[in-house]
Amino acid sequence: MDESNRSGQWQSSFGFIIACVGSAVGLGNLWKFPYITYENGGGAFVLVYLIAISMVGLPILVAEIMIGRHGRHNVFASYKILSGNKWFWKFVGIFSILTSIAVLSFYLVVAGWSLSYFFNSISGNLLSQTKETVDPYFGEFVGSGVKQILYHTLFTLLTVWIVIRGTSGIERAVKFLMPLLFLFVLIIMIISISNFGGKSAFDFLFSFDLSKITAHGALQAVGHAFFTLSIGMGIMIIYGSYLPNGKSIIRASLWAVFFDTLIAIMACFMMYPIIFGNNLNLSASTSMLFTTLTVQFNSLPGGQYISAIFYLLVAFAALSSTISMIEPLVSYVAEEYNVKRKKATFTGAFIVWGLGLFSALSLGANPVLTHFKFFDKIDFLASNWGLTLGGLFVATFAGYVLPKKVRLEELGLKDNSLFYKFWLFCVRFFAPLMIIFIMLSELGIL
Ligand code: PHE
């Protein structure tokens with residue numbers, strides 16, 4: 001293995017923290033969290049989600065970074081080295097990389113939609129859309145093979161352009177993208193609240209009515225904790241491997257969880273006032289971000305520009321996630337096959353892009369893929385099975401396989417520290433049990 005193909009180290013703690021935040025904040029926060037929270041009745045779900053984030057998400061995030069920094073290699077090699085060359089853990093490494101390829105392949109397609117909606121906002125095309133036409137417009141757009149491939153390719157190239165530069169490229173990009181994203185979300189949130197009022201959104205989110213908690217909702221909350229923190233497919237292992245010793249893993253993880261949650265809540269305040277203020281019914285699909293909101297933007301003064309900013313923001317958020325999602329594959333190719341970072345990036349991107357074509361063409365363009373619902377299937381398999389299984393492996397590895405000395409050293413804690421006890425309890429018992437519970441319920445056994 002040639003160390004010179006490793007992509008460097010984070011320049012600062014801030015750079016690392018912001019890269020983690022950039023990976024975490026994405027379509028999961030802007031689209032998925034507001035929608036599943038809405039579907040699950042608000043407050044009670046938020047409460048369960050917060051518990052899931054702190055007792056499953058945060059501990060696994062810490063565990064992933066720890067494995068990465070101690071392994072100091074790509075996902076596969078880190079598992080291999082730290083486990084003493086055990087075949088099972090080598091399989092886990094490969095499994096994580098395969099999951100990242102699958103998630104990225106369809107994520108790039110949706111990310112491409114945001115680019116298209118950005119361009120169409122600017123050109124004024126979206127301005128002519130009404131309640132009646134947004135759905136057919138969206139349907140026609142996703143059903144066009146040419147357009148899907150065009151935007152999917154464009155987004156892949158955008159990702160490559162940044163990733164080719166290694167950690168410094170990623171660090172520079174997210175340092176710029178994240179604060180901008182935060183600012184945009186804040187501005188749109190203020191516009192929404194000042195136009196439609198924020199009280200109903202606030203009551204909806206923060207009235208913790210415990211009787212509304214359902215088992216299904218609890219499961220969704222745990223599943224979303226994985227997706228939104230980008231854990232379970234080795235991203236944080238590889239990001240952690242670029243983290244210099246001595247920088248605090250716990251601090252970085254806490255910041256990532258805090259910002260991820262903050263942006264998700266802000267996204268609710270950005271959309272709910274519009275929705276509650278107009279008695280809109282949210283449609284239960286990915287298209288909501290692109291259809292319902294378009295109608296609302298068009299009804300606002302200067303809506304064309306708000307819409308353009310909004311979709312640009314979605315593209316930014318998606319970009320800082322896609323550059324992280326490709327990293328497990330790129331670092332694997334570069335280190336294991338001894339190729340230069342540039343070539344590894346192109347190879348990795350080509351594989352992901354190729355697989356993504358199946359998703360891109362399965363929304364109407366190709367009858368066979370459409371009939372087979374390729375997009376939905378790969379999303380379901382990768383997000384629900386891939387990530388949760390990956391998370392289970394991470395928790396088990398950090399909780400049982402890594403020696404105690406390594407755990408304490410990486411965390412910079414003593415074994416009687418409260419945080420260490422809490423973390424160990426979560427990775428050993430709480431998180432695995434929750435994950436197994438999710439799986440059994442998904443299999444219909446519970
Ligand atoms: N966390 C990102 C989001 O919320 C998506 C993501 C999922 C990134 C899984 C990496 C791994 O959109």
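Counting convention: from 1, in listed order, for ligands and their atoms alike. Side chains are part of it too, since the values below use all heavy atoms of this structure and drop only hydrogens, waters and symmetry mates.
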**Asked** Should the heavy atoms of other residues, nucleotides or ligands under 6.0 Å from NZ of Lys90 be counted, would the total exceed 12?
**Response** yes
**Fill in**
Near Ser321 (heavy-atom distance under 4.0 Å), the atoms of ligand 1 are 2 (C)
**Item:** Option nearest atom 3 (C) of ligand 1 (shortest heavy-atom distance, choices Ala318, Ser100, Ser230, Ala24)
**Value:** Ala24
**Distance-only donor-acceptor check, side chains Glu327 and Tyr332, under 3.5 Å** = no
**Prompt:** Which word best sums up how the rings of Phe138 and Trp113 line up, parallel for under 30°, tilted for 30 to 60°, or perpendicular for over 60°?
**Reply:** perpendicular
**Fill in**
The protein heavy atom nearest to atom 7 (C) of ligand 1 is Phe227 O, 3.2 Å
**Request:** Within a distance under 4.0 Å of any heavy atom of Gly28, pick out the atoms of ligand 1 and give their elements.
**Result:** 3 (C), 4 (O), 12 (O)
**Complete:** shortest atom 11 (C) of ligand 1-to-protein heavy-atom contact is with Met233 CE, 3.1 Å
**Prompt:** Between Leu27 and ligand 1, does any nitrogen or oxygen pair lie at a separation below 3.5 Å?
**Reply:** yes
**Message:** Check whether Lys247 reaches the backbone of Ser12 with its side chain - one donor and one acceptor, N or O, closer than 3.5 Å.
**Reply:** no
**Request:** Check the angle between the aromatic planes of Tyr272 and Tyr38 and answer parallel, tilted or perpendicular using the 30° and 60° thresholds.
**Result:** tilted
**Prompt:** Mind checking whether Phe259 and Phe182 have parallel, tilted or perpendicular rings, split at 30° and 60°?
**Reply:** perpendicular
**Request:** Enumerate the atoms of ligand 1 whose separation from the nearest heavy atom of Ile235 is less than 4.0 angstrom.
**Result:** 10 (C), 11 (C)
**Prompt:** To the nearest 0.5 Å, what is the distance between CE (Met270) and CE (Met189)?
**Reply:** 10.0 Å
**Complete:** Here the atoms of ligand 1 under 4.0 Å from any heavy atom belonging to Met325 are 6 (C), 8 (C), 10 (C)
**Asked** Tyr107: heavy atom below 4.0 Å from ligand 1, yes or no?
**Response** yes
